[in-house]
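Take this structure, written in structure tokens, and hold onto it; I'll ask about it next.
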Amino acid sequence: MATTAPGNLLMTTVERAANWARTRSMFPATFGLACCAIEMMATGAAHYDLARFGMEVFRASPRQADLMIVAGRVSQKMAPVLRQVYDQMPDPKWVISMGACASTGGMFNNYALVQGVDQVVPVDIYVPGCPPGPQSLMHGILSLHEKIMAGEIVR
Amino acid sequence: MSPLLEHLAGAFESVEWEESHGQDVAHVSNEDWAAFAEAAKEAGFEVCVDVTAVDWLRQRPQRFEVVANLLSMSQMTRLRMITAVGREDPTVASLTPVWPGANFAEREVYDMFGIVFAGHPDLTRILMPDDWEGHPLRKDFAVGVVPVQFKDSHQVR
Amino acid sequence: MTDEQTANREGGRPPSDTATDTLDLWVAGTEEPEFQPTDEGTQEFGPDESEARLDDQFGRVITDDYVFDDEVEEEERMVVNMGPQHPSTHGVLRLQLELEGEVIRRTKPIIGYLHTGMEKTAEQLTFSQGPTNVTRMDYLAPLHCELAFSLAVERLLDIEVPPRAAAIRVLLTELNRVSSHLVALATNGMDIGALSMMIYGFRERESILAFFEKSTGLRMNHNFIRPGGTAADLAPGWKDDVAAILEDLPKRLDQYDDLLKRNPIWLARTEGVGVITAEEAIAESITGPALRATGVEWDLRKAFPYSGIEQYEFDVPVGENGDVYDRYRVRVEEIKESLKIVSQVMDTMPSGDYRIDDRKITPPPRARIDESMEALIHHFKLFTEGFKVPPGETYVAVESPRGELGCYLVSDGEARPHRMHTRAPSFYNLQALPIAMADSLVADTVATIASMDPVMGDVDR
């Protein structure tokens with residue numbers, strides 16, 4: 001949208017409004033795999049509430065989600081499934097790679113894991129930790145919001 | 001040795017008994033594996049807790065060891081059965097006719113070591129993808145380490 | 001309006017002349033048994049509808065089997081795939097269900113989507129690095145995994161940890177059991193529909209995780225229970241934190257009972273669902289709450305006590321029917337028993353070392369490294385090479401929240417294990433899913449899986 005339309009005041013405001021709307025109501029797709037999934041659930045629970053950022057529900061169907069938080073280690077058997085779920089999500093979509101195993105393979109540098117989920121899907125934010133606490137995950141999500149608002153991610 | 005096991009020991013002459021850190025271990029020959037299992041179940045070991053294998057590549061004359069841990073709830077004892085399996089044609093009788101709970105465990109041993117369990121209802125890969133080649137827990141299967149370059153290290157272009 | 005039409009409108013009751021005088025409430029069950037269906041005219045059902053079918057459709061007769069009178073052929077069975085990405089399969093479990101209408105005839109669990117090669121990794125790590133690896137297997141009960149591994153290493157080394165270390169281990173593992181059962185209740189409730197149960201369960205868990213973070217440094221995957229004892233002593237003021245947990249939790253458990261225990265919807269969805277008999281459970285090597293719910297009183301803490309747990313008094317809750325409701329009740333009662341143990345540990349915590357004093361196994365305190373050359377050398381050797389364990393093999397099992405969590409450890413005299421195998425309780429409990437779900441409805445699948453409480457990290461390792 002930003003590359004094809006001429007830059008004038010009206011388009012910029014619309015683009016900013018669109019970005020604002022996208023960040024304020026992102027629905028994550030449930031892609032919790034391992035220990036990070038438990039911390040993701042804890043982030044969505046009452047103590048560290050994710051619903052206050054607009055992430056009210058975790059949509060089970062990827063067709064209704066726009067954010068995929070890959071929470072956990074991705075094994076060789078799971079990688080095609082991950083790609084398929086990512087492909088099923090409609091544009092605009094973002095990916096947060098949560099945890100050390102999703103970002104780089106973590107402590108399991110072996111035959112069984114994909115060493116970093118960015119070998120399978122494009123990643124926007126990497127959240128380190130093993131597992132990252134809810135505060136780290138929220139910081140990652142809010143950084144993603146900032147990146148989208150600032151126009152760094154153009155879809 | 002508890003009376004339960006003395007009875008078993010009497011029935012099978014070829015079995016070597018050992019005590020390993022307070023637990024009884026029976027080294028059974030490959031041919032007697034199924035028969036010993038049935039006898040153990042008759043004697044009161046109702047539960048087969050675990051079936052696994054060890055790869056003694058070049059350290060022992062027979063390459064693999066199949067280990068089954070048994071538990072008797074009524075007598076509150078444990079027993080371990082170990083058998084040695086060779087490198088060529090690693091086959092051992094399946095324990096699923098005696099204890100159906102050994103089903104998944106034997107599939108995992110097949111997947112990870114390549115040991116075939118004769119008489120298993122569905123011996124297919126369970127943890128690795130179906131078209132994976134090789135048996136990962138064998139000692140000659142590499143770990144698969146991907147070299148990691150650290151930020152401050154000498155950059156390799 | 002004719003009498004007949006009025007009768008049709010009110011479902012068969014003619015209007016009463018004294019309707020204005022008395023309060024004519026319609027009380028369920030007092031209507032006349034004759035139900036007159038309306039005249040459908042040209043839309044009437046065809047003459048080939050059997051009486052039985054009409055009874056079924058009008059609700060005169062309610063049949064509980066969801067397969068109609070006419071036989072369904074084998075080819076008409078439908079194979080449905082659930083997962084691996086599914087909100088209710090508790091991780092990446094894939095189930096293939098062969099359905100006949102709404103009834104499940106066969107189930108095939110397909111696992112391996114979280115296989116991490118942890119047993120291969122364990123052969124590359126030293127014995128003191130082992131707990132970092134093992135703790136990520138059953139990630140809801142990480143301290144139990146570490147305990148099983150540490151006990152196995154200690155048995156191969158033939159050492160005994162000091163009583164304070166054993167007591168700290170019991171304290172932490174019992175609190176871990178509580179937090180794991182809270183997640184089980186939370187996800188169990190959420191999957192069946194009691195969405196607030198999810199919030200309640202995780203809210204309680206936060207207080208326990210805060211205590212873990214204070215003691216071990218991490219909320220999950222602690223790497224705290226190591227061969228030789230524990231990594232550090234408990235933080236000062238731990239008694240107040242534990243006392244606060246012990247005071248809050250029982251009241252919250254009563255709240256859960258208010259929500260679930262006598263709730264007709266909960267009872268209808270959990271009683272008689274996912275039944276496993278005791279013989280089936282023993283044959284399939286099921287352990288833990290799933291086994292105790294069938295009536296078998298088997299708990300490793302009573303049968304083969306470890307880490308000094310025999311000094312504490314607690315009961316083992318046992319169910320009767322082996323259905324989802326009984327597994328839920330067993331878990332709630334186990335939380336109460338664990339809190340009892342925690343309170344006893346808190347009162348009787350011995351003083352002393354938190355790890356064995358053998359410098360060949362446990363590293364010296366950091367401050368000592370500046371003072372003593374031997375301490376420096378021990379620290380160096382332990383963290384670069386690791387301690388060597390004499391050759392041997394052993395199997396040690398602990399009672400994790402899911403069942404018997406065992407560690408089969410083989411050493412050949414080196415600093416790294418030759419073979420480390422974990423007997424994962426969820427791996428064996430999943431074998432029972434086809435039995436629990438045979439001839440049940442698709443809608444009960446979610447309840448059954450949730451009640452078996454599988455943790456896929458444990459299953460796939």
Side-chain angles (χ1 to χ4, degrees), chain A residues 28-49 51 57-62 65 68 70-86 88 99-101 105-114 129-136, chain C residues 83-92 94 110-125 129 132-133 135-140 142 179-180 182-183 186-187 190 195-196 198-207 209-210 213 218-221 223 455-458 460-461:
Chain A
T30 58
F31 214 82
L33 298 166
C35 347
C36 287
I38 311 293
E39 289 293 51
M40 190 168 69
M41 288 198 268
T43 316
H47 209 237
Y48 304 95
D49 187 15
V57 243
F58 279 68
R59 310 302 304 185
S61 163
M68 183 161 78
V70 184
R73 36 196 198 247
V74 179
S75 71
Q76 302 285 348
K77 213 164 166 179
M78 193 66 188
V81 178
L82 170 67
R83 183 73 211 182
Q84 203 172 23
V85 169
Y86 176 76
Q88 284 177 342
C101 293
M107 65 173 279
F108 302 111
N109 195 346
N110 55 23
Y111 63 91
L113 289 191
V114 173
C130 195
Q135 290 144 339
S136 304
Chain C
Q85 190 256 352
H86 192 279
S88 306
T89 52
H90 287 262
V92 285
R94 180 173 166 202
I110 300 174
I111 60 177
Y113 289 92
L114 200 59
H115 178 62
T116 320
M118 282 178 175
E119 301 187 348
K120 189 91 180 174
T121 305
E123 295 168 13
Q124 318 296 323
L125 300 173
Q129 290 171 323
T132 61
N133 181 29
T135 195
R136 286 162 172 83
M137 286 188 183
D138 181 352
Y139 40 81
L140 283 178
S179 71
S180 170
L182 284 170
V183 173
T187 50
M190 182 180 78
L195 295 173
S196 41
M198 180 82 171
I199 304 296
Y200 290 158
F202 275 86
R203 177 188 67 183
E204 268 43 281
R205 209 175 114 87
E206 287 299 324
S207 50
L209 290 186
E213 192 171 5
L218 277 179
R219 288 158 54 98
M220 277 172 69
N221 300 341
N223 185 24
V455 167
M456 297 315 288
D458 215 10
D460 293 334
R461 274 160 282 126

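Small disclaimer: the values here were computed from a predicted structure and weren't measured. Note on naming: letters A, B, ... go to the chains in the order of the sequence lines (proteins, then strands), and numbering restarts at 1 for each one.
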message = Counting heavy-atom pairs under 4.5 Å with chain A, which one of C:H115, C:M198, C:K120, C:Q124 comes out on top?
response = C:H115

message = So for A:A37, is it side chain, backbone, both, or neither that comes closer than 4.5 Å to the heavy atoms of chain C?
response =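 When you check distances to chain C, no heavy atom of A:A37 falls under 4.5 Å.
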
query = Do any N or O atoms from the side chain of A:S75 and from the backbone of C:T116 form a donor-acceptor pair under 3.5 angstrom?
reply =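 Checked: no pair found.
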
task = Look at A:A34, A:G106, A:P62, A:P131 and state which one has the largest set of heavy-atom pairs under 4.5 Å with chain C.
result =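 Answer, by heavy-atom pair count under 4.5 Å with chain C: A:A34.
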
query = Using a cut-off of under 4.5 Å for heavy-atom pairs, which of A:S61, A:G32, A:P134 has the most such pairs with chain C?
reply =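 Heavy-atom pair counts peak at A:P134.
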
inquiry  = Counting only non-hydrogen atoms closer than 4.5 Å, does C:I111 touch chain A with its backbone (N, CA, C, O), its side chain (CB onward), both, or neither?
reply    =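 C:I111 touches chain A through backbone heavy atoms alone.
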
message = Measuring only between side-chain heavy atoms, which start at C-beta, is C:L140 closer than 4.5 Å to C:R205?
response =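 In contact.
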
ask   = Does the side chain of A:H47 reach to within under 4.5 Å of the side chain of C:F202, using non-hydrogen atoms?
value = no

Options C:R203, C:E213, C:E206, ranked by heavy-atom pairs under 4.5 Å with chain A, top entry =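 Looking at each of C:R203, C:E213, C:E206 in turn, C:E206 comes out on top.
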
ask   = If we only count heavy atoms from C-beta on, is the A:C35 to A:R73 side-chain gap below 4.5 Å?
value =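 The answer is yes; the side chains approach within 4.5 Å.
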
Which portion of A:C130 sits near chain C, non-hydrogen atoms under 4.5 angstrom = both

inquiry  = Counting C-beta onward and ignoring hydrogens, is there a side-chain heavy-atom pair between A:M78 and A:V81 closer than 4.5 Å?
reply    =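 They are in side-chain contact.
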
Side chain, backbone, both or neither of C:N133 within contact of chain A (heavy atoms, under 4.5 Å) = both

ask   = Are the side chain of A:N110 and the backbone N or O of C:M118 linked by a donor-acceptor pair below 3.5 Å?
value =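 No: the side chain of A:N110 does not pair with the backbone of C:M118.
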
